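To start, the structure itself, in structure tokens.
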Amino acid sequence: MVGRKQITLAAITEAFPLALAIAAYGISYGVLATQGGFTFGQTVAMSMFVFSGSAQLVTAGMMAGSASAISILAAVLLLNLRNLLYGAALANTVSLAGKWRFALAFGVSDEPFVLASAREQKHGPDPFYFAIVFVCFYLSWVFASLAGALLGAQVDPLTWGLDFVFPVTFTALLVPSLKGRPAMATALAAVGICLLFHYSGFREELIMIAAGMLAPLAGLIAGGRKSDGQ
């Protein structure tokens, strides 16, 4: 039986590279949010209580562009629908946390999902591992957002490429898990949809929503054909 010390060490070791990328992304958010009109308190509070990089960046960008509250809410809800799928996939892990399951549910997002899913495939459901990973990412995101808010207009995240660090790191972690026809079909469909919408002139938040909603359909179709073939 693996002890908690070993699990903690494994979780921190595996989460550390992505936590650094999340920190770079968090600094970008903090800078962009304050440049877009958010106060220091609003910027940090949003990271503490929302904990969703994509939703926060979209919100900051749309508010800077004077978008309506309804359009912002709709975009954020659609953008985060994928978390429902993450939650369903991690149900076995989260449910084992007992009274802490609601706290762990708050941590269901892209990065914890990737690591927790890989852990579950190798060692079975492990809520303690998930909790350590979640805390690592949460602290990294909140403190990086705080640093970005303090820096404000003194740093241009685009000049330093901070906005590019997280997608590259997350992709590097995600690629090894793309096994089987459904996963490959989903990934290829997402790439195709993003390219098509980008060169068609759509806004980034709409591209993410479209890819998140349409790409999984390719995986479902590929999975269905595989089942029929069997």
Side-chain angles (χ1 to χ4, degrees), residues 10-11 13-22 24-25 51-55 57-58 75-95 104-105 107-127 129-130 133-134 136-137 161 163-230:
T13 301
E14 293 168 10
F16 184 72
L18 192 51
L20 291 178
I22 288 173
Y25 204 51
F51 185 53
S52 175
S54 57
L57 283 166
V58 166
V76 169
L77 287 175
L78 289 173
L79 190 59
N80 283 279
L81 281 176
R82 68 190 188 284
N83 289 337
L84 292 176
L85 300 178
Y86 292 161
L90 293 175
N92 292 334
T93 295
V94 174
S95 62
L104 291 191
V108 174
S109 57
D110 298 323
E111 307 83 12
F113 170 75
V114 171
L115 294 185
S117 296
R119 178 79 178 183
E120 184 173 337
Q121 291 176 4
K122 294 180 181 179
H123 305 284
D126 192 340
Y129 173 90
F130 181 82
V133 167
F134 163 46
C136 289
F137 292 152
D163 60 318
F164 194 60
V165 174
F166 172 74
V168 170
T169 306
F170 185 74
T171 301
L173 289 174
L174 184 63
V175 167
S177 66
L178 296 178
K179 298 177 181 178
R181 187 183 298 173
M184 292 297 298
T186 301
L188 292 174
V191 172
I193 291 168
C194 288
L195 290 174
L196 176 63
F197 277 62
H198 173 74
Y199 287 108
S200 297
F202 288 90
R203 293 169 59 91
E204 289 185 4
E205 56 266 24
L206 295 178
I207 296 174
M208 289 189 289
I209 292 170
M213 294 181 65
L214 298 177
L217 296 178
L220 290 174
I221 294 172
R225 288 181 176 176
K226 183 178 180 179
S227 299
D228 293 339
Q230 292 176 345

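Please read these numbers as outputs of a predicted model, since none were measured by experiment.
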Report task. Step by step, work out the side chain to side chain contact (heavy atoms under 4.5 Å, CB included) result for Cys136 and Phe16. Result -> CA-CA 8 Å; Cys136 289; Phe16 184 72; over 6 Å; no
Query raised in the report: So Phe197 and Phe202, would you call those rings parallel, tilted or perpendicular, with 30° and 60° as cut-offs?
Result: tilted
Query raised in the report: What is the distance from atom CG of Leu115 to atom CG of Asp110, rounded to the nearest 0.5 Å?
Result: 11.5 Å
Requested in this report: First locate atom CG of Leu104, then atom OG1 of Thr93, and finally report the distance between them rounded to the nearest 0.5 Å.
Outcome: 9.5 Å
Query raised in the report: Would a 4.5 Å heavy-atom cut-off, applied to side chains only, mark Val108 and Phe130 as touching?
Result: yes
Query raised in the report: Between Phe137 and Ala19, which heavy-atom pair has the shortest distance, and what is it?
Result: CE2-N, 3.7 Å
Query raised in the report: Taking all non-hydrogen atoms of both residues, which atom of Phe113 and which atom of Ala89 are closest, and how far apart?
Result: CE1-CB, 3.6 Å
Requested in this report: Begin with the C-alpha distance, continue with both residues' side-chain angles, and end with the deciding distance and a verdict on side chain to side chain contact (heavy atoms under 4.5 Å, CB included) for Glu111 and Ile22.
Outcome: CA-CA 9 Å; Glu111 307 83 12; Ile22 288 173; 3.7 Å; yes
Query - Working for side chain to side chain contact (heavy atoms under 4.5 Å, CB included), residues Leu217 and Leu214 - result: CA-CA 5 Å; Leu217 296 178; Leu214 298 177; 4.2 Å; yes
Query raised in the report: For the residue pair Ala211 and Pro216, what are the closest heavy atoms and their distance?
Result: O-CD, 3.7 Å
Query raised in the report: Heavy atoms, side chains only, cut-off 4.5 Å: are His198 and Ile207 in contact?
Result: yes
Report task. Identify the heavy atoms of Val133 and Ala11 that sit nearest to each other, and give their distance. Result -> CG2-CB, 3.9 Å
Report summary line: What one should report as the nearest heavy-atom pair of Ala55 and Val76 is CB-CG1, 3.8 Å
Query raised in the report: From Thr186 OG1 over to Ile221 CD1, what is the distance, rounded to the nearest 0.5 angstrom?
Result: 9.5 Å
**Report entry** For Leu90, the option from Pro127, Ser95, Ser117 that meets side-chain contact (heavy atoms from CB on, under 4.5 Å)
**Finding:** Ser117
**Report entry** Distance-only polar pair, side chains of Glu14 and Tyr129, donor-acceptor under 3.5 Å
**Finding:** yes
Query - Heavy-atom closest contact (Phe51 atom, Ser109 atom, distance) - result: CE2-OG, 4.1 Å
